[in-house]
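Report on the structure given below.
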Amino acid sequence: MSGDVPEPAFKAVSPIDGRHLDGDFVDASSTEIDNVVDHATQAAAAYGRLGKDQVARFLQAAATAIEALGEALIDRVHLETGLPRARLIGERGRTANQLRLFAEVVREGSWVDARIDTAIPDRQPVPKPDVRHVHRPLGPVVVFGASNFPLAFSTAGGDTASALAAGCPVVVKGHPAHPGTAALVAKAIRQAADSTGVPDGVFSLVQGRSFEVGRRLVTHPKIKAVGFTGSFRGGKAVFEYAQSRDEPIPVFAEMGSTNPVFVLPQAAATRAREIAKGLATSVSLGVGQFCTNPGLVFVQRSSSTHLLDDLRENVLVTPPGTMLTAGIKEAYDQGTRRLASTPGVINMATGQPEQGPNQAATVVFKTGLDSFLRHEELAGEVFGPSSMVVECEDKDEMLEAAQTLRGHLTASVHATPDDAQNYRDLLDVLESRVGRLILNGYPTGVEVCPSMVHGGPYPATTVPQSTSVGTNAIRRFVRPVCYQGFSDRLLPDALKNSNPLGIWRLINGRFTRAAVGAEPSG
């Protein structure tokens with residue numbers, strides 16, 4: 001894209017059969033981007049002052065409007081992604097439920113973390129001022145749609161829902177693999193905004209295949225934060241754009257991981273068949289196109305024979321699946337060829353053969369710890385239905401493997417109670433490497449609930465203190481503001497003496513819903 005020179009239209013391409021779908025889309029021009037961001041900036045102050053009930057109604061209305069799109073939405077997403085309709089119906093439900101969950105958080109209101117320390121004018125040797133703290137929205141946020149979750153991590157996904165809940169206008173950069181889906185969902189959100197009296201400019205969608213569209217959005221001086229879900233390469237580029245600005249801004253990028261699984265000896269010996277079946281299902285779920293796909297499995301050689309035999313049997317009968325785009329399929333093929341050609345690596349099992357365009361077979365490889373440590377690329381993500389089994393000789397080698405890991409979204413440990421006790425030091429190491437530690441479960445499947453953490457140390461994310469799933473995701477898009485010496489009339493409602501919002505507040509070190517001066521003592 002160069003300035004405002006018109007770009008040729010592009011169409012969505014179905015990965016199912018390669019045909020071009022209805023609808024013409026173009027890369028957003030610099031003028032369009034400026035206009036959209038200007039509208040978002042103009043809306044920011046008014047939106048940030050809206051009452052919490054009105055914001056909650058907006059989020060609920062958006063959920064209802066998306067559901068009202070009905071089969072037309074499911075049909076379009078299926079054609080643009082190749083994902084099964086049943087999966088998409090579930091993802092639509094998750095998308096609506098996320099919006100409603102954040103509506104509940106906003107309506108309750110205590111998430112703003114109001115803190116009040118009242119004045120002590122006669123304190124010696126110096127008087128203590130009245131000091132009050134609350135979270136306030138950052139301003140306009142750019143959200144990048146994800147390829148692998150066209151609904152739950154895209155136009156109306158978790159980043160958008162949490163930013164809107166925080167009081168921030170959102171500009172979504174639609175993913176070029178599913179532009180028709182993005183347009184449908186965006187129309188539903190705008191209808192919800194109109195019906196609930198939300199200011200114009202609070203939500204916008206721009207389309208584009210060019211990296212330049214994303215760069216212009218991230219580097220626009222009026223954008224205050226970025227939400228991103230995608231590849232390490234893409235997230236790193238967005239982060240570098242944001243840091244190159246005269247005013248650097250936060251980038252909350254979730255960049256995937258290989259989500260290591262450790263199967264401890266007693267668990268391997270007593271539950272081999274069950275664990276193997278669960279692993280094969282998790283590796284191939286969604287054609288392996290989840291950021292929580294288990295790409296590494298660590299076992300001890302002395303206890304893993306039956307487990308690996310059962311895993312092989314399960315993989316051999318796993319059917320292929322259609323990947324999201326031709327480009328993703330090509331990258332998967334390149335990645336699996338690279339793994340297969342690495343010294344010390346063998347192909348342990350390949351699933352049923354591909355039968356159509358962009359289909360991928362499940363592949364599980366095996367290597368030893370020496371080879372794994374010698375070839376750093378074996379620890380990297382191959383996006384798709386593949387996994388690498390690493391055989392260790394003993395507990396010390398398992399610990400060594402864990403200590404070499406970089407940041408991941410999850411780590412899973414299959415263990416009996418005795419295993420867990422004997423390998424407590426392994427659990428301690430893994431806790432420092434991930435955002436979610438799973439016992440006797442599998443990483444695929446992220447529950448949307450207040451306690452969920454979908455994040456982790458770099459390179460899984462750019463901000464390890466944050467999560468992109470769960471109600472704490474709202475805190476990414478706010479900053480703390482302190483008011484000192486203000487009269488009650490000038491304070492935000494959350495900090496007024498009478499507590500008109502009825503929220504929980506920390507007053508002089510005690511949590512209470514009471515008014516200032518009326519809080520219980522003792």
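Being a predicted model, the structure only gives us computed values, none of them experimental. Residue numbers run from 1 in the order of the sequence given.
For residues 290-329, the ring pair (Phe, Tyr, Trp, His ring centres under 6.0 Å) pairs, not counting sequence neighbours, are Phe149-Phe290, Phe262-Phe298, Phe298-Phe372. Residue pairs meeting the salt bridge (charged side-chain N to carboxylate O under 4.0 Å, His left out) criterion with at least one partner in residues 428-453, sequence neighbours excluded, are Arg424-Asp428.
Side-chain atoms of Pro480 and Val134, non-hydrogen and from C-beta on, never get closer than 4.5 Å to each other. Using a 4.5 Å heavy-atom threshold, the side chains of Val77 and Asp75 count as separate. Contact of the His454 side chain with the Thr292 side chain is registered, since non-hydrogen atoms from C-beta on lie closer than 4.5 Å. At least one side-chain heavy atom of Leu339 sits less than 4.5 Å from a side-chain heavy atom of Met388. Counting heavy atoms from C-beta outward, Ser468 and Arg476 have side chains that approach closer than 4.5 Å. The closest side-chain heavy-atom distance from Tyr442 to Ile275 is below 4.5 Å. You'll find the side chain of Val364 reaches within 4.5 Å of the side chain of Val389, heavy atoms only. Residues Thr181 and Thr155 are not in side-chain contact: their nearest non-hydrogen atoms beyond the backbone lie 4.5 Å or more apart.
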side-chain contact (heavy atoms from CB on, under 4.5 Å), that's the test. Do Thr410 and Leu437 meet it? Break it down for me. CA-CA 6 Å; Thr410 76; Leu437 192 55; over 6 Å; no

Could you walk me through whether Val448 and Arg94 satisfy the side-chain contact (heavy atoms from CB on, under 4.5 Å) test, starting with their C-alpha distance in whole Å, then the side-chain angles of each, then the deciding distance to 0.1 Å, before giving a yes or no? CA-CA 8 Å; Val448 180; Arg94 172 176 171 168; 3.5 Å; yes

Before giving the answer on side-chain contact (heavy atoms from CB on, under 4.5 Å), spell out for Phe153 and Asp159 the whole-Å C-alpha distance, their side-chain angles and the decisive distance to 0.1 Å. CA-CA 7 Å; Phe153 277 91; Asp159 288 346; 5.6 Å; no

When you look at His220 and Tyr241, which way does the ring pair (Phe, Tyr, Trp, His ring centres under 6.0 Å) test go after all the steps? CA-CA 10 Å; His220 196 289; Tyr241 292 153; over 10 Å; no

Take Asn148 and Phe383, measure what side-chain contact (heavy atoms from CB on, under 4.5 Å) needs, and give me the verdict at the end. CA-CA 10 Å; Asn148 58 339; Phe383 189 68; 4.0 Å; yes

Evaluate Asn472 against Arg475 for side-chain hydrogen bond (donor to acceptor under 3.5 Å, both in side chains), listing each step before the verdict. CA-CA 6 Å; Asn472 265 342; Arg475 297 183 184 273; 3.2 Å; yes

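Checked by atom type and distance alone, the side chain of Thr362 never pairs as donor or acceptor with a backbone atom of Ser284 at under 3.5 Å. Checked by atom type and distance alone, the side chain of Thr462 pairs as donor or acceptor with a backbone atom of Val251 at under 3.5 Å. Judged by distance alone, with hydrogens and angles left aside, the side-chain atoms of His375 form no donor-acceptor pair with the main-chain N or O of Val345 at under 3.5 Å. Without hydrogens or angle criteria, Gln243 side chain to Ile249 main chain gives a donor-acceptor distance under 3.5 Å. Distance alone, capped at 3.5 Å, is enough to place a donor-acceptor pair between the Thr318 side chain and the Asn314 backbone. With hydrogens and angles disregarded, no donor-acceptor distance shorter than 3.5 Å links the side chain of Lys329 to the backbone of Met323. A donor-acceptor pair under 3.5 Å is absent between the side-chain atoms of Thr322 and the main chain of Ile16, judged by distance alone. Remark: side-chain polar atoms of Asp419 are paired, donor with acceptor, to backbone N or O of Gln266 under 3.5 angstrom. Here the side chain of Glu91 pairs a donor or acceptor atom with the backbone of Ala152 at under 3.5 angstrom. Not one N or O on the side chain of Asp113 forms a donor-acceptor pair closer than 3.5 Å with the backbone of His135.
Of all non-hydrogen atoms in Gly180 and Arg76, the two that sit nearest each other are CA-NE, 3.7 Å. The two residues Met348 and Leu311 have their closest heavy-atom pair at CE-CD2, 3.6 Å. What you find for Ser387 and Val297 is that their closest heavy atoms are OG-CG2, 3.7 Å. The shortest non-hydrogen separation linking Ala473 to Val469 is CB-N, 4.3 Å. Closest of all the heavy-atom pairs between Val434 and Leu409 is CB-O, 4.0 Å. Residues Arg92 and Ile74 come closest through the heavy atom pair NH1-CG1, 3.5 Å.
Under the salt bridge (charged side-chain N to carboxylate O under 4.0 Å, His left out) criterion, Lys224 pairs with Glu247, sequence neighbours left out.
In the displayed structure, Glu377 atom CD is contacted under 6.0 Å by more than 12 heavy atoms of other residues, nucleotides or ligands. For Arg301, the CZ atom is densely surrounded, since the number of other residues' heavy atoms within 6.0 Å is greater than 12. Within a 6.0 Å sphere centred on CZ of Arg85, other residues, nucleotides and ligands contribute more than 12 heavy atoms. The number of heavy atoms from other shown groups lying within 6.0 Å of CZ (Arg312) does not exceed 12.
Between the side chains of Asn347 and Thr350, a donor-acceptor pair is found at a separation under 3.5 Å. Side-chain contact check for Thr416 and Asp418: no donor-acceptor pair (N or O, by modelled atom type) lies under 3.5 Å.
Atom OG1 of Thr81 sits about 8.5 Å away from atom CG of Leu151, to the nearest 0.5 Å. The distance from the CG atom of Asp425 to the CD atom of Gln403 is 8.5 Å, given to the nearest 0.5 Å.
Taking the six-membered ring wherever Trp is involved, the centroid distance between the rings of Phe239 and Phe228 does not fall below 6.0 Å.
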